[in-house]
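We number each residue from 1, following the sequence as shown.
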Amino acid sequence: MFEGPKMWRCAMKPLSLQARLTAQARLIACALCLMCVIGTPVYADDTFVPYTAAKVPKTAVALWEDYDPRNEPLDVEVVQEWIADGVVTRYVIFTVGTFKGAKSRIAAYYCFPTGKTGLPAFVWAHGGGQRADRHRGEYFARQGYASIDINWLGRPLEDEIEINTDWGNVDPTQGPRFYSKALRKGWKRSLQPDEYTIDSVPSPRNSNWFLLSVAARRGITFLEQQPEVNANKIGLSGFSMGGMITALTAIDTRLKAVVPFVGGTGFKYVDFPGGIEGSSIRAHFQSLELYKATVDASSYWPFVRCPVCFISSTNDFHSVFDRIYRSMSLVPHSQWRVSTNLHQNHGPGPEQWAMLNLWFDQYLKGIDQHIPVTPPSTFSVSDGTASFCVTPENQDRLAATEIYFSYDPNSRTRFWERAEARREGQAWSVEIPVHKGLPLYMFALCRYKLGHVQPLERGETTTFTLNSVEQSFLPSEVNLKRLLELADSREPVDDFEHDFVNWSSRDQRTIKTYKFQSPYLDRRGTKKLVVVVDPQGRKLNVRMRTDSGFLSRPDNIGSFSAGKIVEGQGPQEIVLRREDFNGPDGKELEWSKIATFEITVLDTANNQKLELATGSGTKTIQSIMLVE
């Protein structure tokens with residue numbers, strides 16, 4: 001039995017005054033020497049001792065191996081408590097650590113169902129520019145979870161409560177626009193030191209990501225200490241930058257499941273094939289190799305032992321589609337899934353959000369959700385043809401199987417073409433031409449029935465989606481000019497024969513497509529845009545907007561807009577030349593440099609947007625073409 005340290009006493013001769021002064025002088029000299037070596041003040045109570053250049057860890061595992069997030073007291077303060085509808089919500093403040101001589105304290109919402117014990121629980125990390133959200137925690141409390149939503153950015157949470165996140169003498173936030181006590185003008189990505197970093201030499205602890213992962217780990221510790229929580233059933237999830245925090249914290253062995261949303265991919269330092277400028281962040285690092293080995297998520301995923309569900313969108317700018325699969329291939333087990341929606345950036349839909357519930361119910365509550373395996377697929381290339389085949393499991397619950405492909409290496413702006421698949425027994429297969437100098441990317445999206453209506457934090461769903469592995473072919477030399485050879489003058493932007501499958505919408509009113517990045521679309525500058533609209537007796541204001549964001553840097557010409565009034569009965573044509581679109585001074589719209597194309601239609605009688613993707617507005621836009 002551990003009895004604790006024993007206290008020993010012995011007689012010692014008192015030191016003379018001269019000896020005491022000599023000893024004090026030596027201590028002062030040692031402290032000054034240490035300060036000279038590390039170039040920064042040493043604070044006795046700090047969570048971390050500053051590194052010298054020789055001591056900086058060279059791997060992600062080494063970076064964290066000596067840190068114990070349970071070591072320091074949390075000093076939790078309950079600022080306010082609300083109890084309503086069977087849910088307890090607490091506005092709490094707790095200590096992240098002590099850095100550069102000052103405590104860092106973080107605000108959070110802690111939510112749990114009343115009268116329950118042994119609860120599964122999870123930490124939530126919000127995204128960039130966002131804040132903690134008590135409504136999310138209250139929703140999950142009604143689903144039987146405790147959760148702590150950390151307000152790492154420090155934005156105000158409650159009008160009547162002033163006390164909030166205070167990072168003290170460090171600053172892992174995004175600047176004064178969001179955090180009133182910001183010490184820098186914006187986000188710090190690099191590993192280089194400055195007056196607000198832990199280390200005075202290039203170090204992974206100088207990246208904002210390090211402190212945010214410390215905060216998440218302390219959130220896990222908070223949950224462990226709550227009487228309502230089962231400390232052996234804790235997970236972690238986060239959105240966007242919170243997804244990256246999730247990835248960097250997923251190696252914490254206390255976690256039983258993680259769900260990163262639209263963030264958490266590795267390989268951000270790798271450029272896309274074909275010379276797409278601005279497709280990586282490698283230019284931001286003077287210590288690139290150190291970043292790759294200690295901060296990039298690719299250095300963490302090989303050591304993640306718990307189940308992972310990666311939720312995203314096919315055109316996400318932050319968790320780039322191709323990098324998701326490259327990252328998941330590093331996970332040392334098969335308990336991972338990917339779920340994305342189509343033709344969307346940074347906005348998973350209800351079918352993807354449902355996976356958060358399923359994943360935590362499976363691995364935190366321990367209730368078998370019968371989640372199918374990643375749909376097995378095969379891929380081969382022979383004689384200029386790629387063959388792709390997917391054989392989803394649990395086909396008694398399968399609602400749809402869709403196969404997509406693209407030749408575009410820019411996965412942030414690529415248009416995913418849907419292939420005409422043939423079904424033979426349990427398998428769906430397609431054959432796609434392979435073109436010289438062009439890569440090819442393919443995957444299957446499988447839609448499954450839940451068997452019930454799943455209420456979500458926002459909305460509800462009866463289905464969820466799982467992706468197959470993305471299969472790809474990459475030639476030894478990529479020549480993107482060959483994409484122009486695929487253009488077909490007969491290809492419409494959309495004839496809406498299959499409704500709005502090529503579009504996405506966050507509100508069912510404004511619709512957006514990446515179709516202008518389809519190589520099959522003839523985008524010569526001589527073309528005019530023809531939009532056929534049926535006002536159905538109304539006077540409508542048809543607004544169009546283009547954006548070039550996330551194309552190769554030379555092709556990013558900014559945003560352009562145009563609008564037309566149409567009224568009356570029957571289909572009517574809106575014909576627009578490139579110069580009819582208003583954009584940045586000195587620039588003219590180019591069809592080939594449109595990453596996204598959006599349409600919004602307002603009824604001028606009430607200035608309300610029509611629901612183009614659902615309801616009565618679906619027949620308003622009848623076709624969109626590029627014509628001579």
Original post:
Considering only heavy atoms from C-beta outward, does the side chain of Val295 approach that of Leu191 to under 4.5 Å?
Top reply: yes
Original post:
Are the side chain of Thr413 and the backbone N or O of Ala595 linked by a donor-acceptor pair below 3.5 Å?
Top reply: no
Subject >> Interatomic distance, Arg205 atom CZ to Ile198 atom CD1 [nearest 0.5 angstrom] >> reply: 5.5 Å
Original post:
For the side chain of Tyr363 and the backbone of Leu358, is there at least one donor-acceptor N/O pair under 3.5 Å apart?
Top reply: no
Original post:
Does some side-chain heavy atom of Gln130 sit less than 4.5 Å from a side-chain heavy atom of Phe178?
Top reply: no
Subject >> Those residues that, when tested against Phe303, pass ring-ring contact (aromatic ring centres under 6.0 Å, His included) (two or more places apart) >> reply: none
**OP:** State, yes or no, whether a side-chain contact exists between Trp124 and Leu356 at a heavy-atom distance under 4.5 Å.
**Re:** yes
**OP:** Examine distances only and state if a side-chain atom of Thr59 and a backbone atom of Ala62 form a donor-acceptor pair shorter than 3.5 Å.
**Re:** yes
Original post:
Are the side chain of Ser329 and the backbone N or O of Arg326 linked by a donor-acceptor pair below 3.5 Å?
Top reply: yes
**OP:** Please confirm whether the backbone N or O of Ala132 pairs with a side-chain atom of Asn151, one donor and one acceptor, at under 3.5 Å?
**Re:** yes
Original post:
Has the side chain of Asp45 got a donor or acceptor atom that lies under 3.5 Å from a matching backbone atom of Thr98?
Top reply: no
Subject >> Ring-ring centroid check Phe210 Tyr67, cutoff 6.0 Å >> reply: no
**OP:** Could you tell me whether Trp209 and Trp187 have their ring centroids closer than 6.0 angstrom?
**Re:** yes
**OP:** Determine whether Gln362 and Phe360 make a side-chain contact, defined as any pair of heavy atoms from C-beta on separated by less than 4.5 Å.
**Re:** no
Original post:
Are any side-chain N or O atoms of Thr165 and backbone N or O atoms of Ala107, one a donor and one an acceptor, separated by less than 3.5 Å?
Top reply: yes
Subject >> Those residues that, when tested against Asp46, pass salt bridge (Lys or Arg N to Asp or Glu O under 4.0 Å) (two or more places apart) >> reply: none
**OP:** Quick one: do Gln226 and Tyr110 satisfy side-chain contact (heavy atoms from CB on, under 4.5 Å)? Show the steps, please.
**Re:** CA-CA 10 Å; Gln226 303 312 303; Tyr110 174 51; 3.3 Å; yes
Original post:
Can you list the steps and then say if Thr340 with Thr314 is a side-chain hydrogen bond (donor to acceptor under 3.5 Å, both in side chains)?
Top reply: CA-CA 6 Å; Thr340 67; Thr314 55; 5.7 Å; no
Original post:
Of all heavy-atom pairs between Ala60 and Ser299, which one has the smallest distance, and what is that distance?
Top reply: CB-O, 3.5 Å
Subject >> Whether over 12 other heavy atoms sit under 6.0 Å from Gln286 CD >> reply: no
Subject >> Residue among Arg254, Arg70, Gln225 satisfying side chain to side chain contact (heavy atoms under 4.5 Å, CB included) with Ile220 >> reply: Arg254
**OP:** Quickly, which of Thr173, Asp171, Asp194 forms a side chain to side chain donor-acceptor pair (under 3.5 Å) with Arg184? Name it, please.
**Re:** Asp194
Original post:
Hey, does Ser312 have a side-chain heavy atom less than 4.5 Å from the side chain of Pro348?
Top reply: no
**OP:** Give a yes-or-no answer on whether the side chains of Glu138 and Thr89 include a donor-acceptor pair shorter than 3.5 Å.
**Re:** yes
**OP:** Apply ring-ring contact (aromatic ring centres under 6.0 Å, His included) to Phe267 and list each qualifying residue two or more places apart in sequence or on a separate chain.
**Re:** none
Original post:
Any donor-acceptor pair under 3.5 Å linking the side chain of Ser203 with the backbone of Asp199?
Top reply: no
Original post:
Can Tyr196 and Asn206 be said to form a side-chain hydrogen bond (donor to acceptor under 3.5 Å, both in side chains), step by step?
Top reply: CA-CA 9 Å; Tyr196 308 118; Asn206 295 340; over 6 Å; no
Subject >> Atom pair OH/CG of Tyr91 and Asn164 - distance to nearest 0.5 Å >> reply: 4.0 Å
Subject >> Listed partners of Trp152 passing side-chain hydrogen bond (donor to acceptor under 3.5 Å, both in side chains), at least two apart >> reply: His126
Original post:
Regarding Thr265 and Ser319, is there a side-chain donor-to-acceptor distance under 3.5 Å anywhere?
Top reply: no
Subject >> Gap between atom CZ of Arg218 and atom CD of Glu224 - 0.5 Å precision >> reply: 10.5 Å
Original post:
What do the steps show when you test Gln174 against Met241 for side-chain contact (heavy atoms from CB on, under 4.5 Å), and what is the final call?
Top reply: CA-CA 11 Å; Gln174 293 177 289; Met241 292 175 73; 3.5 Å; yes
Original post:
Would you say the side chain of Pro202 lies within less than 4.5 Å of the side chain of Val56, judging by non-hydrogen atoms?
Top reply: no
**OP:** Evaluate side-chain hydrogen bond (donor to acceptor under 3.5 Å, both in side chains) for Ser287 paired with Gln192, printing each intermediate quantity in order.
**Re:** CA-CA 8 Å; Ser287 306; Gln192 301 305 304; 2.9 Å; yes
**OP:** Could you tell me whether the side chain of Arg412 and the main chain of Val320 form a donor-acceptor pair under 3.5 Å?
**Re:** no
**OP:** Find out whether Met355 and Leu466 are in side-chain contact, i.e. whether some heavy atom of one side chain is under 4.5 Å from a heavy atom of the other.
**Re:** yes
**OP:** Examine the side chains of Ser213 and Arg217 and answer whether a donor and an acceptor come within less than 3.5 Å of each other.
**Re:** yes
**OP:** Measure from the side-chain N and O atoms of Ser147 to the backbone N and O of Ala121, and report whether any donor-acceptor pair falls under 3.5 Å.
**Re:** no
Original post:
Measuring from Gln352:CD to Cys309:SG, what's the distance to the nearest 0.5 Å?
Top reply: 10.0 Å
Original post:
Would the number of heavy atoms belonging to other residues, nucleotides or ligands and lying under 6.0 Å from CZ of Arg506 be above 12?
Top reply: yes
Original post:
Do you see a donor-acceptor pair shorter than 3.5 Å between the side chains of Asn467 and Tyr325?
Top reply: yes
Subject >> Tyr300 versus Trp64, side-chain donor and acceptor atoms under 3.5 Å >> reply: yes
Original post:
Would a line drawn from the ring center of Trp167 to the ring center of Phe99 be shorter than 6.0 Å?
Top reply: no
**OP:** Check whether the side chains of Ser313 and Asn315 place a donor and an acceptor atom closer than 3.5 Å, and report yes or no.
**Re:** no
Original post:
Would one find more than 12 heavy atoms of other residues, nucleotides or ligands at under 6.0 Å from atom NZ of Lys116?
Top reply: no
**OP:** Name all residues meeting the side-chain hydrogen bond (donor to acceptor under 3.5 Å, both in side chains) criterion together with Ser280; count only those two or more places apart in sequence or in a different chain, and write none if there are none.
**Re:** Asp271
**OP:** Decide yes or no on ring-ring contact (aromatic ring centres under 6.0 Å, His included) for Phe122 and Phe140, but give the supporting numbers first.
**Re:** CA-CA 10 Å; Phe122 64 92; Phe140 274 103; 5.1 Å; yes
**OP:** Please determine, by modelled atom types, if His318 and Lys268 share a side-chain donor-acceptor pair under 3.5 angstrom.
**Re:** yes
Subject >> Partner set under ring-ring contact (aromatic ring centres under 6.0 Å, His included) for Tyr291, not counting sequence neighbours >> reply: Phe285
Subject >> CG-CZ distance between Leu157 and Arg131, expressed to the nearest 0.5 angstrom >> reply: 7.0 Å
Subject >> Value rounded to 0.5 Å, distance of NZ in Lys100 from OH in Tyr43 >> reply: 6.0 Å
Subject >> Side-chain heavy atoms of Ile93 within contact of Arg105, under 4.5 Å >> reply: yes
Original post:
Are the aromatic ring centres of His346 and Phe239 under 6.0 angstrom apart?
Top reply: yes
